Every structure is written in C-alpha cells, then in structure tokens.
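A note on names: the letters A, B, ... follow the listed sequences, proteins ahead of strands, and every chain is numbered from 1. No experiment lies behind these values; they were computed from the predicted model shown.
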Amino acid sequence: DVKVTQSSRYLVKRTGEKVFLECVQDMDHENMFWYRQDPGLGLRLIYFSYDVKMKEKGDIPEGYSVSREKKERFSLILESASTNQTSMYLCASSPWTGGHTEAFFGQGTRLTVV
Amino acid sequence: SQQGEEDPQALSIQEGENATMNCSYKTSINNLQWYRQNSGRGLVHLILIRSNEREKHSGRLRVTLDTSKKSSSLLITASRAADTASYFCATAASGTYKYIFGTGTRLKVLA
C-alpha cells in the first residue's frame, strides 16, 4: 500500500515563527503536492513538485515556500507564521503515468498559529 | 482561481436512499476524480473518469461526466451510515499533472 506520512497531526506555533511541515511517501512517486483546507473553501493548492528540486506555485503560494531535496520528501515552510495560516494542511503524492492516476493523501496536519 | 464547485454544499438523507452530488469545473480536463474524506482525515480516492468517458461504475458508485457542460455527478446508491463523509471532485487539466479540487459536499446518512 502507498503510504504518505505527515510528520505531525496537530501543531501549535506562535506568530512569527518559522514552521516546517514534513511529508514523506514510500512509493517512489514523481509528483508531490501541498494543499490547505479551510471550511467552505475546499482544498487549495499551495505548491507542487514534479521532480527532485523542481517546484511550481499553486493557487495560493504567498507566505509559503517548499523544499524537495529527495524524491520521497516534500517540505512546506511557513517563513513567518501568521494567524491566517491556521488551517488543515494536506500532503499528497502521485506517480507520473501520463496523468490518469489518483493522488494519495497523508492524514493531514492541523496547524494552529497563536 | 480554477477551483471547481460541488453542489449541494450539504446533504442529509436516510439510510438506504440514494445520494447525488454534482461538480462543475472551469477548464479542459484530462480526467475527473472523486474523493471521500472522513472527518478530519486525509482524502481517499473513489473513482476516476477520463475525459472521453461518459459514465463509470464502481460498486455502489456511479459517476457521469459531461464535458460540454463541464460537469460531473456522483451517485451513491443504497447509502449506509458509513458513507457519512465529505466528497470532493478533482480535475486534472489537460497537459498538467496537478489536481484542482472543488469545495466539497458534506453528506450525512442517518441510520
């Protein structure tokens, strides 16, 4: 079974802190994604990566950066956390098979910025 | 934003009834997928339909796709209390490999 693991289920951080959310997948997938989920807004794509050291902005990249130094690991970085970044963060991965494939999700990290 | 929308936002039905939820999207797509999310958890893939397909079945799930109207529907037949969850559609736009999700439908199945 594909496993996507996010480092924390719950996280509480202070305003202004630098926050790292880690995601690891064990199926050698090329593509990895970070979404945030807010009530009434669904999932919104922050960043995605289609290869090591490659990244592209999604719909809401402001205030975030990412790092993909190894194929299995995709990190989301909040440079200076703010209260409006309180949200559920979901990591996903997928293989590149010409596009007709599903995404596999981690269990989510609920981040609270106080 | 390219985000799609699900309709209705929330749906409450009795066990045994059918549940229908709809998804509209904005761009040309490679395929459309439906996912389920149990409360506070990650998403689980249910079914994928390609842009050249009109209907697909998987167990109690039936998905239709109308690319001329840029819309899809998910039908869950003979619903069960365990079907209580949020359901999201996701589109993979032509020429890309990123998934754009809709806003979701919250389904509650009453026992």
Side-chain heavy atoms of Tyr99(B) within contact of Phe48(A), under 4.5 Å: no
Hydrophobic cluster identity match, Leu45(A) and Leu76(A), side-chain contacts under 4.5 Å: no
Region of Glu6(B) in contact with chain A, defined by heavy-atom distances below 4.5 Å: neither
Side chain proximity check, Arg9(A) to Arg41(B), heavy atoms < 4.5 angstrom: yes
Pairs flagged by ring pair (Phe, Tyr, Trp, His ring centres under 6.0 Å) wherever residues 37-92 of chain B is involved - sequence neighbours left out: Tyr35(B)-His45(B)
Side chain / backbone / both / neither for Gln37(A) at chain B, heavy atoms under 4.5 Å: side chain
Leu74(B)-Leu11(B) co-clustered via ILVMFWY side chain contacts under 4.5 Å: yes
Enclosure of Glu17(A) CD (heavy-atom neighbours >12, cutoff 6.0 Å): yes
Under 3.5 Å donor-acceptor, Glu102(A) side chain and Val44(B) backbone: no
Leu43(A) with Ile60(A), same ILVMFWY side-chain cluster at under 4.5 Å: no
Co-membership, hydrophobic cluster, residues Val109(B) and Leu61(B), 4.5 Å side-chain: yes
Atom CZ of Arg54(B) with >12 non-hydrogen neighbours under 6.0 angstrom: yes
Nearest-0.5 Å distance, CG of residue Asn31(B) to OG1 of residue Thr101(A): 9.0 Å
Shortest non-hydrogen contact between Phe105(A) and Leu43(B), atoms and distance: CB-O, 3.5 Å
Hydrophobic cluster membership, Val24(A) vs Tyr35(A), 4.5 Å side-chain cutoff: no
Proximity of residues 62-69 of chain A to chain B, residues having a non-hydrogen atom under 4.5 angstrom: none
